Amino acid sequence: MTPESFIAAKASEAIKAIYGADVEASTLQVGVTRKEFEGDFTLVTFPLLRITRQSPDATGAAIGEWLVANCPEINAFNSVKGFLNLSLSNLYWSKVFEAMANDADFGQLPSTGRRVMVEFSSPNTNKPLHLGHVRNNLLGSAVSDLLKAAGEEVIKTTLVNDRGVHICKSMYAWQKRFNGATPESTGKKGDHLVGDCYVEYAKMEKENPSVLDDVHRMLVDWEAGDKEVRDLWQRMNQWVFDGFDQTYKALGISFDKTYYEHDTYLLGKELVQEGLRKGVFVQDPDGSVWCDLTSDGLDRKIVQRSDGTSVYITQDLGTAERRFAENNLDSHVYVVGNEQDYHFQVLKLILAKLGFDWASRIYHLSYGMVELPEGKMKSREGTVVDADDLIEKMYEEAKATSEESGKLAEMSEEEKDRLYHMIGLGALKYFILKVDPKKTMLFDPKESIDFNGNTGPFIQYTHARICSILRKSGVQDGVPHKETVAARGLVNGGDPSGSLGGMKRSGSFRCGSSVQLSQKEIRLVKILNSYPQKVGEAAAAYSPAVIANYCYDLAKEFNQYYHETQILKEPDQDVLGMRLKLIGTVAGVLRKAMNILGIELPERM
RNA sequence: GGUUCCGUAGCUCAGCUGGAUAGAGCAACAGCCUUCUAAGCUGUGGGUCACGCGUUCGAAUCGCGUCGGAAUCACCA
């Protein structure tokens, strides 16, 4: 039960007792008290005036008095202009703190029993990944982990667009102009080499438009299964896959299931027939098949060409049907840019018309473009921000900043390398994920991604700082949370409280009765305690940005606490124990939350 | 032209299921390291929440309209 719902329930009782009226607790408005007022939570009394028939202040005073008299958890109140501010007791917060600090699964919401597939990345195999793909990949991966934290069973998937005219274009240019060049012979990453072919093809077509006919012939040969064409296709695709794997690995992205378009591009043809039988589709005299969506405010949409071949959406119809059936899905999330809003609107509509009840449980996570100061990225103008370059640049940036700070003297080269990667990637991921997915976001290549302020490194730094204090407190094993500790092979997986070695030496920790929390500590407990709610909110909105901003709020609050409290100087062992447990919990929640974003937190930096 | 999304400080972004005096970061300026990591903390300046009308006790938040920006409306994917 959240503090808000607790207060609402008590306030409901108060209203019943004082005014004899029944007010559903869930209809009461309880919010966090603004920091310029005294109190923890605020009940808005305006909506109650019709029942109480008193002024806002009198209403607030009456309810406040009743609550303080009848609820030991509520300490004090003040009523200001229709806002009843209530203070919860230290005992209440101590109990809340104790409960979450001892809960190893804190922040993991109970299972919903639902299975959801998340499709993201879905690259073309004719050019390397760029910043736009990076946003897609990071969002897809983070949303998957977010949904897991919210209790869903998640299957991460991607649909590789590995066939079609665009692929043939790269193949054609390679045959004509690359003299048998390979990633090995050129030392070039495979996806970049193939990308070069694609660029070269554009030039060729400009010089001589008739090359397009050759490319079309190549596509026909491919469809006919011509051995030579298929071999080349396979070979060049493999180069690209190897390149992608490297980039995915650097980004920390993985999939549970990979679909290839050459396997799925014929799917949906039966659905076209079925649609015709059901009268959902109509056939024009030239043989093309259409779905008339004009009565839904959209246009007519073609689902099969006059030559009998299928179009983009046909395959998506078939793939969706297959996926729901094969995986017994409850829902399906597609992480695809907002330029395809119309496509998904049409897709859902057609599936609904075909009678699939799951059509309404398809969710298009439509994210905004990443733009440069001068507008969209354009490959023709060479303004595309390459993913590999960017990752490399972030690494270098992290390295330079770390070396400047000079705090890593005793670290091995290998550890440093891992750390720079962690920080560089943390900065990049946070930069992208902290922005509301649906918004267009701006990236300025001239100004590198910041490491100060509301950034990934800021949160990583906060975590390293906490770890440093815990180390100095006598906690030998570093961080008192089993997942990280065990993952690093530092201890043999003992229970989380057991790894709090220092805690035992500093006396048994009893929250509540003996230890008084300071105002700052209560603020930290409040923010920590709201974490599960944030996970729920973020998942409902499919927005990792909610988690990112939560992490920032928590880290900032901790840093303020850190600066005004000498944690280790505390002589009272009970208070010291409480503080260590508190900051350990902060570190643990930061870790869980940032892991949802795919960001790791170092113990030193 | 139709549809959808967006417009908050100089810049990048929070806040949007209606609540009190709209918040951060960057940039600028002024402070804080013999004390647990200064990638930090504190302070100053900076706003017609694009504009108008409406709903409401109360609107950055909801509705309608206007202006500005983006995407999309292919027998491309």
Side-chain angles (χ1 to χ4, degrees), chain A residues 29 31 33-34 36-37 42 44-47 49-50 56 80-83 85 122 124 161 163-166 261 265 284 286-290 297-313 315-316 337-343 345-346 366 368-369 371 373 375-376 398 401-402 404-405 407 423 427 431 434-436 438-444 447 450-462 464-473 537 540-541 545-546 548-549 552-553 555-556 558-570 579 583 604-605:
Chain A
Q29 296 178 46
T33 302
R34 293 182 67 103
E36 54 270 33
F37 295 92
T42 299
V44 184
T45 55
F46 281 112
L49 305 185
R50 268 173 306 153
V80 186
K81 295 193 305 188
F83 297 93
N85 302 317
S122 301
N124 286 338
N161 189 345
R163 63 158 284 283
V165 208
H166 50 292
E261 202 180 293
Y265 80 107
D284 274 8
D286 66 359
S288 56
V289 181
W290 300 76
L298 304 175
D299 299 316
R300 256 165 59 103
K301 180 74 190 175
I302 191 160
V303 294
Q304 190 171 95
R305 297 190 186 96
S306 50
D307 64 6
T309 59
S310 52
V311 292
Y312 177 50
I313 199 161
Q315 132 172 238
D316 261 4
N338 62 13
E339 55 202 346
Q340 294 199 38
D341 284 356
Y342 184 78
H343 172 76
Q345 213 183 331
V346 170
S366 162
M369 300 288 102
E371 289 189 351
K376 276 189 80 170
T401 307
S402 295
E404 202 178 314
S405 78
K407 291 174 190 160
I423 296 171
F431 175 81
K434 77 170 174 186
V435 180
D436 184 335
K438 67 172 187 281
K439 289 196 173 178
T440 303
M441 64 176 291
L442 190 119
F443 174 80
D444 189 345
E447 292 174 27
D450 223 308
F451 284 13
N452 299 317
N454 186 359
T455 66
F458 168 84
I459 294 161
Q460 291 173 318
Y461 182 77
T462 304
R465 210 177 214 185
I466 294 172
C467 291
S468 172
I469 298 171
L470 291 175
R471 272 195 303 274
K472 293 195 171 152
S473 74
E537 272 174 42
V546 172
N549 287 305
Y552 179 65
D553 289 341
K556 191 163 176 59
F558 169 79
N559 279 317
Q560 288 170 6
Y561 174 64
Y562 171 89
H563 274 275
E564 70 179 44
T565 312
Q566 286 285 317
I567 293 163
L568 294 176
K569 287 252 175 76
E570 176 58 46
R579 287 182 179 172
I583 67 172
R604 298 169 202 266
M605 69 183 273

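All figures in this text were calculated on a predicted structure; none of them were measured in a lab. In what follows, chains carry the letters A, B, and so on, assigned in the order in which the sequence lines appear, proteins first and then strands, with residues in each chain numbered from 1.
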- Message: Do A/Y461 and A/F451 have side chains that approach each other closer than 4.5 Å (heavy atoms only, starting at C-beta)?
- Response: no
- Item | Length of the CG-P vector between A/D553 and B/rC13, whole Å | 18 Å
- Stem regions touching RNA chain B, defined by at least 3 consecutive Watson-Crick or wobble G-U pairs below 3.5 angstrom: B:1-7 with B:67-73, B:10-13 with B:23-26, B:28-32 with B:40-44, B:50-54 with B:62-66
- At under 4.0 Å, does any side-chain N or O of A/R305 touch on OP1 or OP2 of B/rA77? yes
- Item | Touch class at under 4.0 angstrom, heavy-atom based, for A/V435 against every strand present | sugar-phosphate
- Message: Just the rounded figure in Å: distance from P of B/rU12 to CD of A/E371.
- Response: 11 Å
- Query: Are any non-hydrogen side-chain atoms of A/P56 and A/L49 less than 4.5 angstrom apart?
  - Reply: yes
- Task: Would you mind reading off the distance between A/E261 atom CD and B/rC76 atom P, rounded to a whole angstrom?
- Result: 14 Å
- Query: Does A/I583 reach the side chain of A/Y562, with side-chain heavy atoms less than 4.5 Å apart?
  - Reply: no
- Only pairs at least two apart or in different chains count here, so list each salt bridge (Lys or Arg N to Asp or Glu O under 4.0 Å) that has a residue in residues 301-311 of chain A. none
- Task: Indicate, with a heavy-atom threshold strictly under 4.0 Å, whether A/T309 touches base, sugar-phosphate, or nothing.
- Result: nothing
- Query: Reckon A/N85 touches a base, only the sugar-phosphate, or nothing at all at heavy-atom distances under 4.0 Å?
  - Reply: base
- Message: Rounded to whole Å, please give me the gap between NZ in A/K376 and C1' in B/rA71.
- Response: 8 Å
- Using heavy atoms to find the nearest nucleotide of RNA chain B for A/Q345 and A/D450 separately, return the residue whose nucleotide is more 5′. A/Q345
- Measure the distance from CD on A/Q315 to P on B/rA77 and round it to the nearest whole Å. 9 Å
- Query: Tell me: NZ of A/K301 to P of B/rA74, nearest whole Å?
  - Reply: 7 Å
- Message: Show the nearest heavy-atom pair for residues A/S288 and A/I302, with the distance to one decimal.
- Response: CB-CD1, 4.0 Å
- Item | N or O in side chain of A/R34 less than 4.0 angstrom from B/rG23 OP1/OP2 | yes
- Task: Send over the distance from A/F443 CZ to B/rC11 C1', rounded to a whole Å.
- Result: 15 Å
- Query: Rounding to a whole Å, what distance do you find between A/I302:CD1 and B/rA77:P?
  - Reply: 10 Å
- Query: At under 4.0 Å between heavy atoms, what does A/F83 touch on the DNA or RNA strands: base, sugar-phosphate, or nothing?
  - Reply: base
- Query: Within a strict 4.5 Å, meaning less than it, do heavy atoms of the A/R34 and A/F83 side chains meet?
  - Reply: no
- Give a yes-or-no answer on whether the side chains of A/S366 and A/D341 include a donor-acceptor pair shorter than 3.5 Å. yes
- Query: Under a 4.5 Å cut-off applied to non-hydrogen side-chain atoms, are A/Y342 and A/D299 in contact?
  - Reply: yes
- Contact state string [nucleotides 34-42 of chain B, B base, S sugar-phosphate only, - no protein heavy atom under 4.0 Å]: -BBBSBBSS
Tabulate atom names and distances for all N/O pairs under 3.5 angstrom spanning the protein and nucleotides 16-18 of chain B.
none

- Item | Residue list, salt bridge (charged side-chain N to carboxylate O under 4.0 Å, His left out) with A/R465, at least two apart or on another chain | none
- Message: Need one value for A/Y552: base, sugar-phosphate or nothing, where a base atom within 4.0 Å counts as base even if backbone is also close, heavy atoms only.
- Response: sugar-phosphate
- Heavy-atom pair of closest approach, residues A/R579 and A/I567: NH1-O, 3.7 Å
- Query: Side chains of A/F37 and A/T42: does their closest heavy-atom pair fall under 4.5 Å?
  - Reply: no
- Message: Considering every strand and a 4.0 Å limit on heavy-atom distances, what is the contact class for A/P56: base, sugar-phosphate, or nothing?
- Response: nothing
- With sequence neighbours excluded, residues passing salt bridge (charged side-chain N to carboxylate O under 4.0 Å, His left out) with A/E404: none
- Message: From C-beta outward on A/M441, which listed nucleotide comes closest to its side chain: B/rC13, B/rC73, B/rU21?
- Response: B/rC13
- Note on the structure: Its glycosidic angle compared against 90° from 0, B/rC29 adopts the form anti
